[in-house]
Number of protein chains: 2
Amino acid sequence: MSLPHAILTALVEKPSSGLELTRRFDKSIAYFWSATHQQIYRELGKLEADGLIRALPGEQPARGQKKSYEVLPAGREELARWTAAAQDPKPLRDAMLLRLRAAAVVGTTGIEADLRRHLELHERQLAEYEEIEKRDFPPGRDSPEDRLRHLVLRAGLDLEAFWTRWLEHALAEFAELPGDGPARDTRSSSPARPLRTGTASSGGAGTRQRR
Amino acid sequence: MSLPHAILTALVEKPSSGLELTRRFDKSIAYFWSATHQQIYRELGKLEADGLIRALPGEQPARGQKKSYEVLPAGREELARWTAAAQDPKPLRDAMLLRLRAAAVVGTTGIEADLRRHLELHERQLAEYEEIEKRDFPPGRDSPEDRLRHLVLRAGLDLEAFWTRWLEHALAEFAELPGDGPARDTRSSSPARPLRTGTASSGGAGTRQRR
DNA sequence: CGATTTTGTGCAACTAGTTGCACAAAATCG
DNA sequence: CGATTTTGTGCAACTAGTTGCACAAAATCG
């Protein structure tokens, strides 16, 4: 729904080829939108067919050759229209949170390592964004454009900070948890019997695949 | 990728029919996973076909009749396996952040109202989660299961708090912005000329549709 | 300078989620 | 008690994103 608009935005900021776009998405767009090179090329084709962008004149190369695109007036208008239109926020879907909730009924064996790994990933991401902030938004510059872009980076940065803190908190909680974690349904009729269900040992090697 | 596991988790916590699941997803699962009733029914069918869940014996009703499901041992094992398996966090994609970045080049006309609307939505959500916290996690209860589930709710709650603060910050920034917002490319050659581009007026009524 | 690696573009098949309905049974309403 | 609404289940078509390749041109390497 909004990949085309992400590409339009990037191209208005600076005309680019598919690969350049891919790099810019990885580098300085990733903190609010991510996309693979396959998605980008596909969408560039559609946007060109729709008359919203065009290949920069001058080069007319075939497969395996750079081709840069720029935004046409129609593209700019579409982007302005989309930006102003009301949109509902999309509901949350976070696998790690789900896994933790699942762990409450099925046992905590194994997640802790991945929590730790995620913590590292988020810490690294956070550090990277802080670099970007230092580089792209030094105290001096604060044109309206800069302030808006800085605002967006702050969101990405603060979200990473949030996850970092949350994961630390979660790990601290784990440290206080008894033994190998719970595996029963609190609402089931079984009383305070501290049973150790089979999940941890039996499922074991993780052989089972779905479908 | 993880809707089936969300359903398994919910069903382990308490066997339910499709509609009951839908309600529980809306109510107390929405802060980490969301799903429509169509998704849920479809997935219930698959899970049953795969032998991970089964209809509760006792009733054998046709279309338009309640049918409750419970998790089979194979389902519990699959859930335990999935929960423990390492998974990469999925990259961020947030339309509002993208729109703000787009607004930096294409003009801010129109977004402010939607920022305000989002702020209200997030405030309402936050209040709702605080209710849930008060109701489901009173100071007394802190079995391991509760602590894990509380941790998950805290994430949902703190994320809403984050967005609320961020949107307030964004709106404050808007208040300081000159006139009708920027609409030029900072990197383009045009100097400090405070031009007012056509985007606001020309694109206007929002007629243009893609495809 | 031929072989190998890197750069750049792209297709095809798949998975996950969304939108728009359809329809039967049960409950409610005049 | 027939008509209408609500409850509950589900199909079909679509949109968005992912995964796994293919392949040509250019650069590099022995």
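Numbers restart at 1 for each chain; the letters A, B, ... are given by sequence-line order, proteins then strands. Just so we're clear, the structure is a prediction, and the values are computed from it rather than from any experiment.
Taking atom CG on B:Leu21 and atom P on D:dT7, their separation rounds to 18 Å, with Å as the unit. D:dA16 atom P lies 11 Å from atom CD of A:Gln87, rounded to whole Å. Regarding B:Lys90, its NZ atom lies at a distance of 14 Å from the C1' atom of C:dG17, rounded to whole Å. In this structure, the CD1 atom of B:Ile40 is 11 Å from the P atom of C:dT18, given to the nearest Å. In this structure, the NE2 atom of B:His5 is 12 Å from the P atom of C:dG17, given to the nearest Å. D:dC14 atom C1' lies 12 Å from atom NZ of A:Lys46, rounded to whole Å. For B:Asp88 and D:dG17, the CG to P distance is 19 Å, given to the nearest whole Å. Rounded to whole Å, atom P of C:dT7 lies 14 Å from atom CD of A:Glu20.
Listed by first and then second residue, the side chain to side chain donor-acceptor pair (under 3.5 Å) pairs involving residues 84-97 of chain A are A:Asp88-B:Arg117, A:Arg93-B:Ser34 (not counting sequence neighbours). Residue pairs meeting the salt bridge (charged side-chain N to carboxylate O under 4.0 Å, His left out) criterion with at least one partner in residues 165-174 of chain B, sequence neighbours excluded, are A:Arg147-B:Glu173.
For A:Trp33, there are no ring pair (Phe, Tyr, Trp, His ring centres under 6.0 Å) partners, not counting sequence neighbours.
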| message | For DNA chain C, please output the secondary structure as dot-bracket, reading 5' to 3'. Pairs are Watson-Crick or G-U wobble, both atom distances under 3.5 Å; mark crossing pairs with [ ], other-strand partners with |, unpaired with a dot. | response | ||||||||||||||||||||||||||||||
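Map B:Leu44 and A:Trp33 each onto its nearest nucleotide of DNA chain D; the residue landing nearer the 5' end is B:Leu44. Each of B:Arg93 and B:Gly18 lies near DNA chain D, and the nucleotide nearest B:Gly18 is the one positioned closer to the 5' end.
With hydrogens and angles ignored, the 3.5 Å screen pairs no side-chain donor or acceptor of A:Trp163 with any backbone N or O of A:His118. In this structure a side-chain-to-backbone donor-acceptor pair under 3.5 Å is missing from B:Arg76 to B:Val71.
No contact: A:Thr22 has no heavy atom under 4.0 Å from any strand.
Side-chain contact check for A:Arg101 and B:Tyr31: at least one donor-acceptor pair (N or O, by modelled atom type) lies under 3.5 Å.
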N/O to N/O distances under 3.5 Å, protein versus nucleotides 19-21 of chain D:
{"unit_1": "D:dG20", "atom_1": "O6", "unit_2": "A:Gln38", "atom_2": "NE2", "d": "3.1"}

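Out of D:dG8, C:dG17, C:dT7, the shortest distance to the side chain of A:Leu19 is found at C:dT7.
The residues B:Arg149 and B:Asp136 are annotated as not salt-bridged, no charged nitrogen and carboxylate oxygen being separated by less than 4.0 angstrom. A salt bridge between B:Glu48 and B:Arg54 is absent, with no side-chain N of the basic residue lying under 4.0 Å from a carboxylate O of the acidic one.
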Which donor-acceptor pairs under 3.5 Å do the side chains of residues 121-132 of chain B make with protein atoms, sequence neighbours left out?
{"unit_1": "B:His122", "atom_1": "ND1", "unit_2": "B:Glu160", "atom_2": "OE1", "d": "2.6"}
{"unit_1": "B:Arg124", "atom_1": "NH2", "unit_2": "B:Glu120", "atom_2": "OE1", "d": "3.4"}

